[in-house]
Amino acid sequence: MFTANGYYSQLQGNYLFSEIAKRVAVFAAAHPEADIIRMGIGDVTRPLVPAVISAMHRAVDEMGCAETFHGYGPDFGYDFLRSAIVNRDYRSRGIDISMDEVFVSDGAKCDVGNIQELFSADCRVAVMDPVYPVYVDTNVMSGRGGRFANGAYEKIVYMPASADNGFVPELPKDRVDVMYLCFPNNPTGMTLSRAQLKTLVDYAIKNRVLILYDSAYEAYIQEPDAPHSIYEVEGAKECAIEFRSMSKTAGFTGTRCAYTVVPKTLRYADSFGNEVSLNAMWGRRVATKFNGVSYITQRGAEAAYLDEGYREILGVVADYMENARIIRESLSRVGYTVYGGVNAPYIWLKTPGGDSWAFFDELLATHHIVGTPGAGFGRAGEGYFRMTAFATRENTLRAMQRVCGG
Ligand code: MLT
């Protein structure tokens with residue numbers, strides 16, 4: 001007799017961005033005249049850059065010709081893309097990552113969810129608070145959350161990162177096995193210094209904790225000292241998996257391409273006491289369950305890592321970061337307390353009345369602007385609100401005019 005996974009009923013409501021989309025749809029239906037500006041989900045608005053488009057056009061032509069047609073690609077991504085990634089994102093920064101440690105995928109969100117297949121059933125998970133909800137929800141789905149009480153799951157260890165501690169996650173007080181970190185951070189838009197990141201890496205090495213490092217917003221770092229990769233920190237290859245995404249870097253939210261780095265130095269005991277390689281396990285999982293990203297997409301992604309495309313995507317990033325500056329400075333000018341928006345496309349502001357869903361409703365009703373309530377990112381997110389810099393320049397300026405006036 002079939003029994004359904006009971007852990008799904010421990011999830012709290014809808015996935016955050018589905019809930020927001022639902023509320024906005026209800027509002028839009030009731031107010032068809034409202035000119036809604038969307039600064040909620042971090043979805044890009046600028047088109048793919050010319051170098052990416054040309055590469056994809058060429059790839060389409062190849063697919064239409066018997067001599068150059070491609071069927072199934074290699075399990076872990078084409079070598080041309082894996083080598084472009086290694087050169088651009090690692091070797092250029094003096095980091096020793098090899099091609100066979102890079103696994104190309106269709107999204108960092110899928111990878112951060114799927115990576116749990118490498119955990120033993122009783123792994124104890126730590127997350128930052130506030131937190132990108134995917135880390136928590138996927139662990140709840142597989143039974144690692146436990147009961148939800150007082151705004152938190154009892155089996156998950158939360159590491160508060162708030163204005164009070166400079167958004168540096170507090171080290172766990174209890175034993176944990178896995179630690180999710182995200183820098184530049186979603187939702188707060190804050191980064192760590194290399195020394196702060198080293199403290200976390202040292203803790204992980206000492207306690208045999210596996211770090212899952214989500215670096216999806218790395219391209220938005222503007223300050224020279226902020227680390228782009230966890231592997232800039234000595235010892236990280238002994239304790240960390242890194243996730244990167246083309247979504248925000250190259251405008252691939254609708255095109256889909258990402259990658260995960262699983263160093264060959266990650267070796268742990270499994271639940272039977274055998275020493276195993278996480279690189280080999282992830283490879284086995286990918287080969288068994290995934291048929292790869294399309295050739296056309298991988299050619300487009302490669303172009304974003306080569307000189308011309310890279311210059312173009314940095315231009316787009318700079319445009320979004322100008323939006324971030326406009327939002328930060330406009331809100332500060334009228335008295336909001338704001339964080340982030342310097343090395344990330346997210347601005348994290350203190351909600352005047354405290355209640356972040358009430359602020360969401362008010363902003364939508366009064367100014368027809370959509371943002372993301374901090375409470376959707378966990379208990380420590382209450383009292384805050386996230387705005388993205390991904391709108392068009394025109395909409396960013398119009399939104400700030402509505403909220404802040406002249
Ligand atoms: C966000 O708004 O937090 C992101 O767009 C979500 C995602 O990347 O999945």
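Order of appearance sets the numbers: ligands from 1, and atoms from 1 within every ligand.
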Apply side chain to side chain contact (heavy atoms under 4.5 Å, CB included) to Q222 and list each qualifying residue two or more places apart in sequence or on a separate chain.
V317, M321, N343

Note: Y78 and Q298 closest approach over all heavy atoms is N-OE1, 2.9 Å

Pairs involving residues 195-220, ordered by first then second residue, that meet ring-ring contact (aromatic ring centres under 6.0 Å, His included) (sequence neighbours left out):
Y217-Y346, Y220-F390

Who are the side chain to side chain contact (heavy atoms under 4.5 Å, CB included) partners of I41, not counting sequence neighbours?
F17, D43

Result of checking T199, L197, L192 against V168 for side-chain contact (heavy atoms from CB on, under 4.5 Å)
L192

Test item: M128 and L181 side chains (from C-beta on) under 4.5 Å apart, heavy atoms
yes

Close residues (non-hydrogen atom under 4.0 angstrom from ligand 1) work out to F17, I41, G42, K109, Y132, N186, Y217, K248, Y346, R386

